[in-house]
Amino acid sequence: MLIVEDDPATVSALRMLLTRKGCKVRVARTISDAFIELRDVPDVVILDLMLPDGSGVSVLRHVREQHLKIRVAVTTATSDQEALAEVERLSPESLMRKPIDVIELYRALQIIG
Amino acid sequence: MQAVPVQLTRHWREPLISMTHEHHPVTAGGLNLINWFAGNGRYMSLYHCMGEDTFWVALTILLDVAIAGGYVLIALHWSRNARLLPASPAKRALSNLRNIFIFCGLCGYVFIPVKMYWPAWRLYDMFLMVLTWYTWRYAMSSRELRVVYSELGRVSQLSEDLEKSKEESQRKSRFLNAISHDLRTPLNGLVLQTHIAEAALASNDRTLAGSALTDIKASVKQTANLLDGLLEVARLDSAVVAAGNCPTNLTAILDEVVGFFTPHAREAGIGLSHRGPSELIVDTDPQAVRRILNNLVSNAIKFTKQGEVRIESDAGRAGVEIHVIDTGIGIVETHHDRLFQDFFQIENRERDSSKGFGLGLAIARRLARQLGGDISLQSTVGRGSRFTFTLPRSQPSRRADDAPVAGGQLSTADA
């Protein structure tokens, strides 16, 4: 499982929670790191949208265009409707607004993971 | 009586026929308008005027028909487009102008081919009478043109205003989006950490619970800081600056700031020093100056990994300059102006370790401008930055909204 997220508090919390659930977690803090991590083809990507070097949409688009067998859960703090619409067009397996509901995340991961 | 033969080639001054009672429309048995319009045979057709030169006659007719066709097309477009505009003084003025235009076209160019073979100059004069009436009526009310032009001016002004307000609303929505993002992010951390704390308590893991609580505290503080910053921006945008001016010794404030940040600098492994005159008295608001310097110095320390942060102050004739010079990561030139805008953070990988909301510099510049000064920046990537805070000797009293801020005012207060 790959977490693409730049907020350190969120990263450490997610890592801890998901590790406790028995997931093997890797972290990328920027888009470029995420692309490097994608070479190992994780099962699931938890993807933040606003990242230091661009929008996480590019990661999702890459996954879709390359037809990678990766399921993508987008988590975002943005309220920009255009950005959200763009994400929805790429139909991620799950789209959660921050603050994310952990129960919903678990459910989504069990469904999609 | 024998009919007078029509002479086809004659001098233009030579009379064509002489008027006799047989030729007069009233006396010569009934009113024949077709003949009467043509002067009962006394007028020459243009065809004759042109010496029956067939090629040139044909060319003239062709050109005239072409021009008349153009007039008709223009008239059609004009009428069709006029329907787009609801009734207004400007529309009325334009339709008068249109009527004159079309009449000129009719008289000038439709009549010429007609007169080639039917010299109906009398009919032409009647049209001219109507045209004269219209033209002079319009000439007398030249105010109408002013109506048209002032209306057009108003329209362009309105569309300009619209453009501006669109930009403003886009900026506001970007601002709101930034607020949303920067509030939701620490909230997200907060929610996740509470889950961790919960799990830790369930498994009786005291250390984990402790670290979760520490993170929660940090997230809460971060959120509170953001709210403080936002409130500050709103306050600076709307309020009158508090008149807290008094003779202030800047050197004392600088020493105070250096004293406060020295432990931070030592912790970060960099030097912090101040050099300048021992006394630097300026009539200004000490609280605002302290806030600005705190911001500049804390930023400089935040973005400097090694080397030093140096503060230099000196007094010029116009005012005082305080330079905060660091040997940090530097700032790309394209970001120099945007840096002072609200919520602007340069995309850098150091962002994680030096959390901020990008409100600090925006607030600092607002404050500096309210004090009658400004903050400027020189920087080279990889070599460091120099922020220069200028302050006038004595500060004119100003309202907050007199001081424009780069990137425009952010009116969160009235949002």
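Protein chains get the first letters and strands the later ones, always in sequence-line order, with residue 1 at the start of each.
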K.L.:
For chain B, which of A/T75, A/T78, A/V102 has the most heavy-atom pairs under 4.5 Å?
P.N.:
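Ranked by contacts with chain B, first place is A/V102.
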K.L.:
Going from CG on B/L192 to CG on A/L105, what distance comes out if it is rounded to the nearest 0.5 angstrom?
P.N.:
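Reported value, rounded in 0.5 Å steps: 8.0 Å.
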K.L.:
So which residues of residues 260-268 of chain B are in contact with chain A at a heavy-atom cut-off of under 4.5 Å?
P.N.:
none
K.L.:
Would you find a donor on one side and an acceptor on the other, under 3.5 Å apart, between the side chain of B/S180 and the backbone of A/A77?
P.N.:
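Between the backbone of A/A77 and the side chain of B/S180 there is a qualifying donor-acceptor contact (under 3.5 Å).
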K.L.:
Which one, B/V191, B/I196, B/D215, B/N177, leads in non-hydrogen pairs under 4.5 Å with chain A?
P.N.:
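Result: the option with the highest number of such pairs is B/N177.
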K.L.:
Looking at A/A9 and B/S219, what are the two nearest heavy atoms and their distance?
P.N.:
CB-OG, 4.3 Å
K.L.:
Quick check on the interface: out of A/S12, A/A83, A/P99, who has the most heavy-atom pairs with chain B under 4.5 Å?
P.N.:
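Option with the greatest count: A/P99.
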K.L.:
What part of B/L208 gets closer than 4.5 Å to chain A, counting heavy atoms only: side chain, backbone, both or neither?
P.N.:
side chain
K.L.:
Using a 6.0 Å cut-off, check whether atom CZ of A/R97 has over 12 heavy atoms from anything other than its own residue.
P.N.:
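Enclosed: over 12 neighbouring heavy atoms sit under 6.0 Å from CZ of A/R97.
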K.L.:
When rounded to the nearest 0.5 angstrom, what is the spacing between CZ in A/R20 and NE2 in B/H195?
P.N.:
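Nearest 0.5 Å value for the CZ-NE2 distance: 13.0 Å.
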K.L.:
Looking only at heavy atoms, what is the nearest atom pair of B/N188 and A/T10, with distance?
P.N.:
ND2-CG2, 3.2 Å
K.L.:
Identify which part of B/S211 has an atom lying under 4.5 Å from any heavy atom of chain A, answering side chain, backbone, both or neither.
P.N.:
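Answer is neither: B/S211 stays 4.5 Å or more from chain A.
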K.L.:
Distance from A/K98 atom NZ to B/L187 atom CG, nearest 0.5 Å?
P.N.:
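Between A/K98 NZ and B/L187 CG, I get 11.0 Å after rounding to 0.5 Å.
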